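For reference, the structure discussed in these notes is given below.
FYI, the numbering just counts along the sequence from 1. Note that the structure is a prediction, hence the values are computed from the model and not measured.
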Amino acid sequence: QVQLVESGGGLVQAGGSLRLACAASGRTFSSYAMGWFRQAPGKEREFVAAISWSGGNTYSADSVKGRFTISRDNAKNTMYLQMNSLKPEDTAVYYCAADPSYGSSWLNDRASRARSDYDYWGQGTQVTVSS
């Protein structure tokens, strides 16, 4: 069982920045595709960004393109989400997730946008953006 712990959330003014981190346990972190999802009150949990096991391929939702950057450091078993130019509509609980189905293959260095493909989830961290 993989353990994921998010950190870095908080309250920030519109236009500001935050950096989220997701620390993962286990020796096979480098084999996992990873993703960030978020959920606002009354809304469905939605895709934000994802990154392949090597970090060589990244994906992001249209709503955050050009503002959010996903990255990972496999040596530290940690994934990051750098959030710039934050907007009030970015307010949500942000969740880290892991998908172990890729197996560190250079032939399939990809990640999924689909919530159902992720097997492991963190507890979430609150991001609040004020006007």
> If Ile, Leu, Val, Met, Phe, Trp and Tyr residues are connected whenever their side-chain heavy atoms lie under 4.5 Å apart, and connections chain through other members, are Leu81 and Val12 in the same group?
Replying inline: yes
> Under the side chain to side chain contact (heavy atoms under 4.5 Å, CB included) criterion, do Ser130 and Leu11 qualify, and how do the steps go?
Replying inline: CA-CA 7 Å; Ser130 65; Leu11 196 156; 4.3 Å; yes
> Is there a donor-acceptor pair under 3.5 Å between the side chain of Glu6 and the backbone N or O of Gly124?
Replying inline: yes
>> What's the separation between atom OG in Ser60 and atom CZ in Phe68, rounded to the nearest 0.5 Å?
In response: 10.0 Å
> When hydrophobic residues are tied together by side-chain contacts of less than 4.5 Å, even through go-betweens, does Tyr120 share a cluster with Val93?
Replying inline: no
> In Å, rounded to the nearest 0.5 Å, how long is the span from CG of Leu86 to CG of Leu18?
Replying inline: 5.5 Å
> Do Met79 and Ser71 come close enough that some side-chain heavy atom pair is under 4.5 Å?
Replying inline: no
> Which distance, rounded to the nearest 0.5 Å, do you find between the OH of Tyr32 and the CG of Leu4?
Replying inline: 9.0 Å
> Looking at CD1 of Ile70 and OG of Ser52, how far apart are the two atoms once the value is rounded to the nearest 0.5 Å?
Replying inline: 9.5 Å
> Which heavy atom of Ala111 sits nearest a heavy atom of Tyr118, and at what distance?
Replying inline: CB-OH, 4.2 Å
> Taking all non-hydrogen atoms of both residues, which atom of Pro88 and which atom of Ser131 are closest, and how far apart?
Replying inline: CG-OG, 3.7 Å
> Does the Ser63 side chain pair with the main chain of Ala61, one donor and one acceptor, at a distance under 3.5 Å?
Replying inline: no
>> Check this for me: does any side-chain nitrogen of one of Arg115 and Glu44 sit under 4.0 Å from a carboxylate oxygen of the other?
In response: yes
> What's the spacing between Asp99 CG and Met34 CE if we round to 0.5 Å?
Replying inline: 10.0 Å
> Just checking, any donor-acceptor pair under 3.5 angstrom between side chains of Arg38 and Tyr94?
Replying inline: yes
> Are the charged groups of Asp62 and Lys65 less than 4.0 angstrom apart, N to O?
Replying inline: yes
>> Just so I know, are the side chains of Ser7 and Leu20 near enough to count as touching, which here means a heavy-atom distance under 4.5 Å?
In response: no
> Between the side chains of Asn84 and Ser17, is a donor N or O closer than 3.5 angstrom to an acceptor N or O?
Replying inline: yes
> Just wondering, more than 12 heavy atoms not from Arg113 lying within 6.0 Å of its CZ?
Replying inline: yes
> So does Glu89 have more than 12 non-hydrogen atoms from other groups sitting under 6.0 Å from CD?
Replying inline: yes
>> Can you confirm whether the side chains of Asp109 and Ser54 place a donor and an acceptor under 3.5 Å from each other?
In response: yes
> What's the spacing between Ser101 OG and Asp117 CG if we round to 0.5 Å?
Replying inline: 6.5 Å
> Given side chains that start at C-beta, do those of Val127 and Thr91 come closer than 4.5 Å, heavy atoms only?
Replying inline: no
>> Counting C-beta onward and ignoring hydrogens, is there a side-chain heavy-atom pair between Arg45 and Trp121 closer than 4.5 Å?
In response: yes
> Are Pro100 and Asp119 side-chain neighbours, meaning at least one heavy-atom pair lies under 4.5 Å?
Replying inline: yes
>> Going by ring pair (Phe, Tyr, Trp, His ring centres under 6.0 Å), Phe47 matches just one of Phe37, Tyr95, Tyr59. Which one?
In response: Phe37
> Is Arg19 positioned over the aromatic face of Tyr80, cation under 6.0 angstrom from the ring centre and no more than 45 degrees off axis?
Replying inline: yes
> Is there a side chain to side chain contact (heavy atoms under 4.5 Å, CB included) between Arg67 and Met83 once you walk through the steps?
Replying inline: CA-CA 6 Å; Arg67 301 188 298 120; Met83 305 186 295; over 6 Å; no
